[in-house]
Amino acid sequence: MSGMHAMRAVNTDVLIAGAGIGGLTAALSLHAMGIGVRIVEPVQVLRPVGVGINLLPHAVRELTELGLGEQLAATAVPAAEMVHYDRHGNRIWGEPRGLALGYHWPQYSIHRGALQMMLLDAVRERLGERAVVTGTSFVRCAEPEGQGQVLPVILRDLARGREHTVRVLALIGADGLYSTVRSRLHPGEGPPLWNGIRMWRGIAEWHPVLGGRTVAIAGSNAHAKLVFYPISREAEQRGRALLNWVAEVRFPVEHGGMSGQADWNRSGRLSDVLPYFAGWRIGDLDVPALFSATRRILEYPMVDREPLPWWGRGPVTLLGDAAHPMYPVGSNGGSQAVLDARVLARCLAVHDPDRVAGLRAYEELRREATSALVLANRGMPADRLLQVVAERAPEGFDRVDDVLTGEELAELDAAYRWTTGTDVAELNGRGSWGA
Ligand SMILES: Cc1cc2nc3c(=O)[nH]c(=O)nc-3n(C[C@H](O)[C@H](O)[C@H](O)COP(=O)(O)OP(=O)(O)OC[C@H]3O[C@@H](n4cnc5c(N)ncnc54)[C@H](O)[C@@H]3O)c2cc1C
């Protein structure tokens, strides 16, 4: 059966499971390439869930090329710098971010839910209201039909409790950490892997701290660490800051093994996190006061999964967290999902109408690069040096040169360059994935 004939037999060319950051960006990107696409999502009504995330310049470039640049600028805060402090607020190391580092695109700090809603609105506006089918989850695939080109996919309508089949040319599993598409392709994987770090997260409106556009990281993962940054341009325009914070505390891994508790919506308790940060003050930020003012604290264990030796087979593949869940360090969770989406659309367009060849080309370009990031994030190379600072100067320091040697500071610098981005000249100089 030729590609054209196969097209006539299908309900949609590409089906995406999951309307998260990755699935929605993939739908916009495929549509921009003239490829028919639909998304199924189990959540009945998508709401702006989550807290803050960072989008690296290479992801912001892709979203800008999708026509979302102005909306991002109106919603997100462009990060000016990322700075490390010890737990007493003494500055260890910092560097400019985004435009200030020379990229043509900013690094944005944004509410994950606001980003998801922005993408969802764009999908509905460009692809039509029926492009995202909510209340429906991917269940499994059946044997391919025709000459192997048409894939029957079984979906479940959750409200009616009924299964039905749609016929597609390609299936993209963008269904997150507990991906069903992944578990069908790679059965028996088990729960996500926990590294012993519990993370409490929250958002509170505050006064602007550290100049108002700083991504601040204090302490070390050896014990307790705090990351905070502002995520709302609207609050900034009112002279305020919507501060997103993540407090990380390491426990022995055997302590209550939290692998099965990775749920982005699980509530956490103030009384669990507060004791580890008693007396912390970073710049003019009173850390316990920030925690105490947070209306809803969430708790999430730091988990990932082993990199896969292959993502997909035939007309099926994975994208975003379904393909490569990684620790949320280095701003890569959302950013890599956006890149996957753009490369996927390009590969399908280049190999059109051979969907299987397009998917293999996509996996070829993305799998090794993202597996390397999963492993690099596990190593947390910068944290080793932050721990050294805590050991050598437990009561703080006046000059960082008294605590770290020049070589150690250079090592810290290199560790960050590797995990948080492509080379500035490379990104600025290369052609677009969307071209
Ligand atoms: C509710 C929620 C809140 C989050 N909050 C944060 C946060 O605060 N900070 C942070 O760093 N990261 C957060 N994340 C994770 C972050 O969005 C991802 O790491 C990153 O953006 C990659 O996105 P993704 O699209 O691959 O996966 P996700 O954003 O996880 O999206 C996956 C989507 O697939 C859907 N899905 C699940 N099962 C099926 C199925 N069987 N069929 C069809 N669809 C299915 C899910 O409902 C979800 O909408 C959150 C994820 C979710 C789902």
Side-chain angles (χ1 to χ4, degrees), residues 15-28 38-56 59 63 109-117 119-120 123 132-141 153-158 163 166 171-184 192 199-203 227 229 231 244-246 248 262-266 268 296-305 311 317-341 344 366 370 373-374 377:
L15 181 72
I16 298 173
I21 308 301
L24 291 165
T25 307
L28 289 173
R38 215 177 280 175
I39 304 184
V40 289
E41 163 63 51
V43 170
Q44 193 66 254
V45 180
L46 285 159
R47 295 203 172 81
V49 196
V51 288
I53 62 169
N54 265 280
L55 288 172
L56 294 170
L63 295 174
S109 305
I110 189 168
H111 191 291
R112 176 200 175 270
L115 174 63
Q116 189 185 16
M117 292 304 114
L119 294 165
L120 178 65
V123 168
V132 182
V133 185
T134 58
T136 301
S137 64
F138 163 81
V139 180
R140 63 183 181 279
C141 299
V153 176
I154 290 102
L155 304 175
R156 177 181 293 274
D157 178 328
L158 297 168
E163 288 186 356
V166 295
L171 170 71
I172 316 300
D175 48 348
L177 180 65
Y178 295 101
S179 167
T180 308
V181 180
R182 178 174 172 136
S183 71
R184 297 286 179 212
M199 300 190 291
W200 289 268
R201 316 157 72 86
I203 297 174
V227 181
Y229 48 85
I231 57 169
N244 176 74
W245 58 267
V246 186
E248 305 174 5
D263 168 0
W264 289 108
N265 289 321
R266 191 160 68 90
R296 181 161 183 235
I297 295 177
L298 299 168
E299 190 189 337
Y300 193 82
M302 194 180 278
V303 294
D304 67 3
R305 290 185 185 277
W311 283 353
T317 197
L318 303 172
L319 182 149
D321 277 9
H324 47 68
M326 55 181 78
Y327 298 159
V329 290
S331 321
N332 274 306
S335 300
Q336 295 302 323
V338 169
L339 290 181
D340 287 350
L344 171 78
R366 294 298 297 157
T370 49
L373 275 172
V374 172
N377 281 359

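Counting starts at 1 for both ligands and their atoms, in listed order. One-based numbering along the sequence shown. Predicted model, so just to flag it, every value in this text is computed and none were measured.
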**Message:** Do Thr136 and Asp157 pair up side chain to side chain, a donor and an acceptor below 3.5 Å, judged on atom types alone?
**Reply:** no
**Request:** Please work out whether any backbone atom (N, CA, C, O) or any side-chain heavy atom from C-beta onward of Ala174 is under 4.0 Å from ligand 1, and answer side chain, backbone, both or neither.
**Result:** backbone
**Request:** Mark up the atoms of ligand 1 that fall under 4.0 Å of a heavy atom belonging to Gly20, in ascending order.
**Result:** 25 (O), 29 (O), 31 (O), 33 (C), 49 (O)
**Fill in**
For Val40, the ligand 1 atoms with a heavy-atom partner under 4.0 Å come out as 43 (C), 44 (N)
**Prompt:** Do Leu115 and Leu119 come within less than 4.5 Å of each other through their side chains, counting heavy atoms only?
**Reply:** yes
**Item:** Pair His324, Asp340: side-chain N/O donor-acceptor within cut-off below 3.5 Å
**Value:** yes
**Message:** Only heavy atoms of Ile53, strictly under 4.0 Å: list the atoms of ligand 1 that pass.
**Reply:** 9 (N), 10 (C), 11 (O)
**Pro42, any N or O under 3.5 Å of ligand 1 N or O** = no
**Message:** Looking at every non-hydrogen atom in both residues, tell me the closest pair between Tyr178 and Ala262 and how far apart they are.
**Reply:** OH-O, 2.8 Å
**Message:** Evaluate Arg201 for polar contact with ligand 1, using N/O atom pairs at a separation under 3.5 Å.
**Reply:** yes
**Prompt:** Can you list the steps and then say if Arg201 with Glu248 is a salt bridge (Lys or Arg N to Asp or Glu O under 4.0 Å)?
**Reply:** CA-CA 9 Å; Arg201 316 157 72 86; Glu248 305 174 5; over 6 Å; no
**Fill in**
With heavy atoms and a 4.0 Å threshold, my read on which part of Trp264 contacts ligand 1 is side chain
